[in-house]
Structure formats: structure tokens, C-alpha cells
Amino acid sequence: MHDLLLREVRIVPLDPTAGPDPGPTDVLVVDGRVARVGPRTEARNGIPEVDGAGRWALPGLWDHHVHATQWGLTRSRLDTSAATSVAHAQDLVRRALTDGPVPATGVLVAFGHRTATWAQQPTVADLDAVTTAVPLVLISGDAHHGWLNTPALRLLGAPATLGVVEEWEWFPVYDRLSALPGAREVAEVGVARALREAQQRGVVGVTDLEFGRPWEQWRQREDRGMPHVRARVGVYPDGLEEVVRSGLRTGDPLVGARGLVTMGPFKVISDGSLSTRTAWCCEPYADGAQLPLPHGAANLGADDLAALVGLAHDAGIRSAVHAIGDAAVRQALEVFEATGAEGGIEHAQLVALEDLELWSRLPVRASVQPAHLLDDRPATEQCWPDRAGRTFALRAFLDRGIEVVLGSDAPVSRLDPWLAAAAAVHRGPVEEASWHPEQAITPREALACSVDGQRLAPGARGDVVLVDEDPLAGHDLTSGEQAARLRATTVSTTVVDGQVVHGG
């Protein structure tokens, strides 16, 4: 923990009841906690100072849903997010094989394609037509399926298939990519770079919901001098009993991690995704007649989900239930009610508005990734055209008193809290009309959902961000103009635990 005095800063008022701007003030951090907020703070021997010069200060920003290793690996993977068809994706792969050497792992891995709107769905034969000399693995943009050629299926022990490998059959295969020779080293270099970039955007903390044993990865990262950020690390069903036996509870610091890394939630994936059309819905997809499961499907029955959530709750571990379709959200809410557990619903992309009354009575927050709507709009309009107005329902959540926190689900979208806030304020590209603006929220609300419940007041964590301009200015602007301002925000200083980690 560190001491720091920030002089002459203006506090961004994140609460609607905040009074008039009091003008420049000082923020004193002692032992990693805000000790005083007020003008003309006396200098203290040995405490470094930062001249805020009238810049705007707010609590450090958080990304509440990250897959850190996968986000780091995107630096070394072919980007196929622009692919609009099987043929387009094939061309991108052929070009990559022609333009550069195969990675040291011997496998060409790509990330980003989304197939929900493609006229033709991908097959193993399509990638075999590109090459059978090099294993190819194309990971979907939502990370819920893999498109592999025959050599890759064999190398990674994937189940035999003619098409893509989806959901629970895919996740173990996905994890095996990390075991390829040299993959972990490449990933860690990417993670360090990604965290430095996050600091430059004002990020002081992440909730890492990576597969495997992220608690061990973060201990090792601390030992290697990774960028100074806070992290909460999750655990999946295959590791839950181990964590329960260890006695770790949500919020407990991990031994050997300098106090910045703590145990996070138990993560369980209760349904699929929109892009793979496996999210579990109350009504069938509009194009459901073409699907083997027109409503999508639950990955777990209610009893099995309740048993897992109950086990975590009894051990003092909060639950984070992945639920994208409205049927999955309803099941998760009923499980939280039955078990008395606390936690959150991850994504909550499609909700039945009548379920929000129950939700408002539960200690369960909505962990939402607004930037997903930028990518998912075409698929939503094709698959859920009759229910698009209740996707990413941030306005409805806040109006009913449901706690909302924002994240990225990186690498599914960029680890950038300003992009997430902008998407929540203006639901779409800034140059276009807002998509279902009745579910938009204000810049103040978006930032309040991005600071992990902190305010710059005595007792708060000593995590501070200084930005060059008031992010709440421009009440007379359109939502698109407000979003453009948010996306253009310049972070001049980031402070974690009283230590300047970016700028100064």
C-alpha cells in the first residue's frame, strides 16, 4: 500500500443527489485508502504529490467480466471478426498461411467470426479445403464454438463432428489450446500488454473468469511483476470443491499476491449464446425452424444448478451465473431465490420484463457487457426481432433498483470501460441512431456502474483516475454525441492502491 496526495482535482459527481461543483480540491491517500478529500491539504513528509491542474477525478474503473488469458492471446491470433461468410473466412485463413509462418505452436488459431447471420454454416470440410497440412482452429467471436479442420480435431482430442464444436464439448478443447508448446508464454506476454493498455484507460481492477486455475496464474503474475492491478478470480464447477476445501471465500486475499488479488465468484454457464443460437429462450428463435433446438437449451437442470450454487453459497462463495436467454435468466433467478445465495447474473442479454419484480428483491446484480450490442444487433434482429426491446435492458434494471455493473467479456469485446459506457448511453455506433433508446442510461449512470461501488470519499480504496475533461459535460448533446465524448476520453493518470501506474 502507498501514500499519495493529488492536488487541485475536480471530483466527478457520480450520484444524482450531488450538490454544485465545489471547485478544485485535494485527495489524500494514506496506506492505500482515501484519508481526506478537501482543499488546501497540508503537505506531509515523504508523501509524493501529483498536480491535478484542475483535471477531473473519479474512482478507478473496473471491468467486471474478463477472460484475461484469452484476451492476451488475441494479440497472437488471426482476426476473423470481419468475416461475413464461410468463403470470406476461408480467404482470411489462406492469406494468413501465405503471408506469414505458422506460429511456434504449430497451430493457426483465429478469433472473432460470428455465424448467426451467415447463409451457409461452417463445416470441417470447408477448413479441410483450405489445408490439411496445418491444424486450424477458428474460435467464434463469442467464444462458444470452435471451427476446426481435421488435423486440429485430432490434435486437440475434439469430438468427431461435421460442423463446429459447440458449448460444453468445445470448452475443454478450448482449454487444451493453452497446453500447446509455447502457448502459455505467448499468453502471458499478451496479458501483460493488455493490462498495461487497460491501465492507460483508467482500469484498476478486473474480474477474471478464465477457465482453469486463474488463482495460480495471478500468483505467478504477481511474482513476475505484472502491471499493478486488482483482480478477482473466479472458479468453475470443475474446481469448486478444491476451492471449498481450501477455505477460500469470496473476497479473501490470495496468499502471495500482495493483497491486490482476491477470490472472486463461482462461475457456471447455464446456457449458450446468441451467436451460436444456443441461448435458452422462453419463445423459439424467429428462425428456429432451421435449428435442432428452436428455443436454445439449458446446460443444467434447475436442481443441478441449485446444488452447485448452494454448495458455493454454503462455503461463502458468491455465484456468477452465465445466463443469456430469458429462460436461462428466469431459471437463475429462481435458483438464487431458492438457495438464498448472493451474486450476479452474467450477461442477462435477454430478459422477460415480468421477471424483474423478483430480481429486484434478490441480492443479485446484473453484470452486463453493453458493447456486445454493437456486434449482436444483426443477429438479434434476425433471431429475436420480436423481443429486441428487452435486450441489454439497462434502463429497466436501474429503474427497478437492480444493481448493474459493466464489463467487456474480453476478448469478446475490447477491454475498454469507456467503450462499454458509450454503448450503454447510445445503443449503437455513435454516427447512427440509437437502437431501442428506451433502454439507454445516462453518462453519470454508466460511470457509476463502472467504479465497483466506490466514491472518492474517506475510507474508499485509493484507486483514482484523472481525465482531462468532465465526462458528464454536455447535457444538451444527443446521446450519440455524449457517447462520442466518452469514447474519446483521455486518461492522464491512473492510481492503484495509492501508486501511480499510468501518467502522473
Side-chain angles (χ1 to χ4, degrees), residues 64-65 116 142 144 267-286 288 294-300 302 305 309 319-338 341-377 379-407 409 412 420 423-424 427-428 434-441 445-446 449:
H64 286 280
H65 192 128
D142 61 6
H144 276 252
K267 169 76 179 295
V268 58
I269 301 176
S270 75
D271 75 338
S273 72
L274 170 61
S275 184
T276 56
R277 291 183 287 184
T278 50
W280 185 29
C281 301
C282 296
E283 294 85 30
Y285 286 66
H295 290 77
N299 291 329
L300 295 165
L305 181 59
V309 170
S319 288
V321 179
H322 163 119
I324 288 183
D326 51 0
V329 171
R330 178 174 295 167
Q331 180 192 62
L333 292 172
E334 291 170 348
V335 165
F336 275 113
E337 181 183 36
E342 298 182 8
I345 295 181
E346 300 297 321
H347 310 302
Q349 187 165 339
L350 176 67
V351 297
L353 298 181
E354 61 268 25
D355 290 339
L356 300 187
E357 181 180 351
L358 168 60
W359 196 338
S360 68
R361 302 195 302 268
L362 300 174
V364 176
R365 67 188 190 184
S367 176
V368 184
Q369 301 74 47
H372 286 0
L373 66 85
L374 302 176
D375 297 316
D376 279 354
R377 179 174 175 176
T380 302
E381 291 179 336
Q382 174 175 313
C383 300
W384 298 340
D386 54 338
R387 60 206 91 162
R390 47 189 176 91
T391 60
F392 303 97
L394 298 176
R395 179 78 274 148
F397 292 148
L398 292 181
D399 286 350
R400 288 163 176 80
I402 297 167
E403 180 187 0
V404 174
V405 296
L406 303 184
D409 199 12
V412 180
R427 297 166 56 90
S434 180
W435 185 57
H436 290 285
E438 69 275 10
Q439 293 294 354
I441 61 177
E445 290 169 328
C449 294

Measure the spacing between CG of L358 and CZ of R400 and express it to the nearest 0.5 Å.
12.5 Å
Testing the basics here: between R277 and C383, what is the closest heavy-atom pair and its distance to 0.1 Å?
CD-SG, 3.6 Å
Taking all heavy atoms of L394 and all of P370, pick out the closest pair and write down the distance.
CD1-CG, 4.2 Å
State whether the side chain of N299 and the backbone N or O of D271 hold a donor-acceptor pair below 3.5 Å, judged by distance alone.
yes
Sequence neighbours left out, what passes ring-ring contact (aromatic ring centres under 6.0 Å, His included) with H64? Give chain and number order.
W62
Going by salt bridge (Lys or Arg N to Asp or Glu O under 4.0 Å), name the residues that satisfy it together with R387, two or more places apart in sequence or in a different chain.
none
Does a side chain donor of either Q349 or H372 reach within less than 3.5 Å of an acceptor in the other side chain?
no
Could you tell me the separation between the CD1 atom of I345 and the NE2 atom of H347, rounded to the nearest 0.5 Å?
11.5 Å
side-chain contact (heavy atoms from CB on, under 4.5 Å) for V321 and V335? Distances and angles first, verdict last.
CA-CA 10 Å; V321 179; V335 165; over 6 Å; no
Against C281, only a single residue in L274, I324, V329, L350 fulfils side chain to side chain contact (heavy atoms under 4.5 Å, CB included); can you say which?
L350
Among residues at least two apart in sequence or on other chains, which ones pass side-chain contact (heavy atoms from CB on, under 4.5 Å) with H436?
A388, R427, E438
Can you sort out the partners of A366 under side-chain contact (heavy atoms from CB on, under 4.5 Å), two or more places apart, ordered by chain and number?
W359, V368, F397, I402, V404
When you measure from the side chain of Q331 to the backbone of L300, do you find a donor-acceptor pair of N or O atoms at a distance under 3.5 Å?
yes
Which atoms form the tightest heavy-atom contact between A298 and W280, and what is the distance?
CB-CE3, 3.5 Å
Side-chain ion pair, R330 and E334, N-O less than 4.0 Å:
no
Straight-line distance of L398 CG to C449 SG, nearest 0.5 Å:
5.0 Å
Is there side-chain contact between V412 and Q369, with at least one heavy-atom pair below 4.5 Å?
no
Looking at S273, is its backbone amide N or carbonyl O close enough to the side chain of T278 to form a donor-acceptor pair, meaning the two atoms are under 3.5 Å apart?
yes
List for me each residue that meets side-chain contact (heavy atoms from CB on, under 4.5 Å) alongside P294, sequence neighbours excluded, and say none if there are none.
P284
Within the side chain of Q439, is there an N or O that forms a donor-acceptor pair under 3.5 Å with the backbone of F392?
no
Can you measure from CH2 (W384) to CG (D376) and round to the nearest 0.5 angstrom?
7.5 Å
Taking CD in E354 as the centre, count heavy atoms belonging to other residues, nucleotides or ligands within less than 6.0 Å. Is the count above 12?
yes
Shortest non-hydrogen pair, L373 vs G428, comes out as CD1-N, 3.7 Å
What residues form a side-chain contact (heavy atoms from CB on, under 4.5 Å) with E403, not counting sequence neighbours?
R365, V405
State, to 0.1 Å, how close V268 and L305 come at their nearest heavy-atom pair, and which atoms those are.
CG1-CD1, 3.7 Å
Could you walk me through whether S319 and F336 pass the side-chain contact (heavy atoms from CB on, under 4.5 Å) test, one step at a time?
CA-CA 9 Å; S319 288; F336 275 113; 4.1 Å; yes
Here the gap from E445 atom CD to L406 atom CG, rounded to the nearest 0.5 Å, amounts to 11.0 Å
Smallest separation among heavy atoms of H65 and S367, with atom names:
CB-OG, 4.5 Å
Take H322 and H144, measure what ring pair (Phe, Tyr, Trp, His ring centres under 6.0 Å) needs, and give me the verdict at the end.
CA-CA 12 Å; H322 163 119; H144 276 252; 5.2 Å; yes
